[in-house]
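Below is one structure, written out as structure tokens; the observations come after it.
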Amino acid sequence: MATKRAFIFLGPPGAGKGTQAKRIAKMCGVPHLSTGDMMREAVAKGTELGKIVGPIMQSGQLVSDELVMKMVEERLKQPDCATGCLFDGFPRTLPQAEGLDKILDRGGFGKPVVVDLAVSDDKLLRRLTGRRTCSVGGEIYNVFEAPPKVDGVCDNDGGQLVQRADDTEEVVSQRLAAYHRQTAPLADYYRRQGVLQELDASLSVDEVTRALEAVVKRAEGR
Ligand code: AP5
């Protein structure tokens, strides 16, 4: 059996994890697993999980490790994860990273390719308050840096562009604080395992994609 591949994109809110994950997952032929997207879907559908996580997400704090791990384990049972997956926004805490190591080990995955997308806090606020997302296909835009051709309308499928409820200045500052407190230490965790790649994500979207493509090709010995 070929080794299953796991890619992990670390980085602060607004670093471009989602933007790049869509491109790189497609290139690698693996599903893009965003814990944030999974939870927003649960909120939109009004499920039990959605009712619990909605207020937490809106406060800018992290959802409990227990709920997140359960959700990820369920998702990994889906057949599309048979050859691997790309995690975006997960793991976010040390217990999540340790839990994921066990899952990858049990699931026959090879060593993960972990990329830390680094951007300074001052740039992130502009990225996040300017973000708009297509309500149909999920394409990500930015009203300052990468606007759609027609205001409020997705170039790809004509879907309405919406602003995330947690992209206000106030919530963004909470999300950044949670990132520095709970997620940034994961870089050291993966550095110690010898699997961390650090990347300057303040470059343009295409430049970051090219750098990521090079990281993936190197990791796969291509
Ligand atoms: P989540 O949905 O994961 O959000 P996040 O990590 O805060 O990251 P974002 O989605 O905001 O940013 P991104 O890095 O994907 O940037 P994007 O590509 O969109 O989490 C939301 C909440 O869910 C959390 O606060 C928490 O409550 C909960 N949660 C989720 N996972 C959890 C977990 N594992 N554990 C516990 N709780 C969890 O880009 C942003 C903008 O910048 C866009 O407008 C884009 O066009 C623009 N942009 C991107 N790249 C560039 C570039 N290179 N140059 C210029 N602009 C760029």
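Hydrogens, waters and symmetry mates play no part in the numbers below; they use all other heavy atoms, side chains included. Everything numeric in this text was worked out from a predicted model, so none of it was measured. One-based numbering, in listed order, for ligands and for the atoms of each.
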Any donor-acceptor pair under 3.5 Å from [X] side chain to [Y] backbone:
X	Y	answer
Lys111	Val195	no
Asp88	Ala21	no
Ser135	Val162	no
Asp65	Gln96	no
Lys17	Gly11	yes
Glu213	Ile24	no
Gln163	Thr129	yes
Gln58	Ala165	yes
Arg132	Gly152	no

With a 4.0 Å heavy-atom cut-off (strictly under), which part of [X] contacts ligand 1: side chain, backbone, both or neither?
X	answer
Ser204	backbone
Tyr141	backbone
Ser64	neither
Ala146	neither
Leu203	backbone
Met57	both
Val63	both
Arg164	side chain
Glu207	neither

Straight-line distance of Leu128 CG to Leu176 CG, nearest 0.5 Å: 7.0 Å
Pair His180-Asp121, side-chain donor/acceptor within less than 3.5 Å: yes
Pair Asp206-Ser204, side-chain donor/acceptor within less than 3.5 Å: no
Residue, atom name and distance, where the atom is the protein heavy atom closest to [atom]:
atom	value
atom 30 (C) of ligand 1	Met39 CE, 3.4 Å
atom 19 (O) of ligand 1	Arg131 NH1, 2.6 Å
atom 48 (N) of ligand 1	Arg127 CD, 4.0 Å
atom 35 (N) of ligand 1	Gln96 NE2, 3.0 Å
atom 5 (P) of ligand 1	Arg92 NH2, 3.6 Å
atom 47 (C) of ligand 1	Asn142 ND2, 4.0 Å

If you measure every N or O of [X] against every N or O of ligand 1, does any of those distances drop under 3.5 Å?
X	answer
Gln61	yes
Lys17	yes
Gly18	yes
Asp37	no
Ile56	no
Ala15	yes
Gly16	yes
Gln20	no

Within a distance under 4.0 Å of any heavy atom of [X], pick out the atoms of ligand 1 and give their elements.
X	result
Leu128	11 (O)
Thr19	17 (P), 18 (O), 39 (O), 45 (C), 49 (C)
Gly89	31 (N), 32 (C), 33 (C), 34 (N)

Quick one: are [X] and [Y] in side-chain contact, heavy atoms under 4.5 Å?
X	Y	value
Lys22	Ile140	yes
Leu10	Leu196	yes
Gln174	Gln61	yes

Report yes or no: does a heavy atom of [X] sit under 4.0 Å from some atom of ligand 1?
X	result
Arg40	yes
Thr133	no
Gly14	yes
Pro91	no

Qualifying residue, where the test is side chain to side chain contact (heavy atoms under 4.5 Å, CB included) with Phe90 and the options are Leu33, Ile8, Val72: Val72
